[in-house]
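Whatever order the structure lists them in is the order used to number ligands and atoms, beginning at 1. Along the sequence shown, the residues carry numbers beginning at 1. Computed from a prediction, not measured in an experiment: that's the story for all the values here.
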Amino acid sequence: MILPRPIQNLADSLAQLPGLGPRQALRLTFWLLHQPPEKQTDLTTHLNDLFSKIKLCTDCFFPFEAKNEETLCEICRNPQRDHTIICVVEKETDLLSLEKTNKYQGVYHILGGLLSEIDENAKQKITLQPLLIRIKNSIKTKKPVREVILALSPTSEGNLTTYYLEKNLKNLKLNFKITKLGRGLPHGGEVEFADSETLINALEGRK
Ligand SMILES: [Zn+2]
């Protein structure tokens with residue numbers, strides 16, 4: 001049967017969310033439809049706010065609430081952080097796990113994805129070029145980058161990406177160290193789900 005357009009439209013949008021198939025998306029659409037009005041209003045407001053008030057940091061790509069004309073996130077704006085060390089992570093939630101350790105004082109770079117054997121376009125989707133430019137630009141300042149930590153999950157896609165990043169970073173032929181998280185993260189495990197102690201060990205044992 002043909003569903004009313006608003007129902008079908010939302011279900012189609014939700015079906016594109018990671019981990020949701022068309023059937024689950026449709027079920028979720030009907031569930032939303034039956035929520036009390038105040039919950040529906042909240043959800044609409046929160047979605048609107050998310051899409052209209054959040055910007056990506058021009059340095060590290062972490063999302064932040066842009067008040068005034070700010071272009072940098074809280075971490076990149078913080079003079080207490082060590083801007084000469086950049087920790088490259090796949091995604092926002094990895095950054096949050098590392099921040100939770102309270103041990104890392106450098107700044108970050110969010111790659112926005114990983115390379116994969118099957119997705120040829122993945123190379124275009126990651127923020128490698130902005131990272132290279134960011135490092136090159138830093139060389140002209142008083143605080144040149146002295147270390148880039150590759151903190152991707154030790155999965156097959158993570159390893160593939162680490163190798164690719166390393167090659168590109170070395171090609172810059174600039175004077176900075178490239179390190180990787182040390183032992184402790186289980187093979188195939190993910191940064192996001194590692195506990196703080198494991199992450200601290202992996203950070204301290206980086207080489
Ligand atoms: Zn930032």
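- Ile54 belongs to a hydrophobic cluster with Leu47, Leu50, Phe51, counting contacts under 4.5 Å between side-chain heavy atoms of Ile, Leu, Val, Met, Phe, Trp and Tyr, direct or through other members.
- Of the residues listed (Thr127, Val148, Thr58, Val107), the one engaging Arg134 in a side chain to side chain contact (heavy atoms under 4.5 Å, CB included) is Val107, and it is the only one.
- Contact check for Asp82 versus Arg146: side-chain heavy atoms found under the 4.5 Å cut-off.
- With respect to the salt-bridge test (charged N to carboxylate O, under 4.0 angstrom), the residues Asp94 and Lys91 qualify.
- Around the NZ atom of Lys136, the shell of radius 6.0 Å holds no more than 12 heavy atoms that belong to other residues, nucleotides or ligands.
- Residue Glu74 places its CD atom among 12 or fewer non-hydrogen atoms of other residues, nucleotides or ligands, all under 6.0 Å distant.
- By the criterion of a separation under 2.8 Å, the protein N/O/S atoms near the Zn ion (ligand 1) amount to Cys57 SG, Cys60 SG, Cys73 SG, Cys76 SG.
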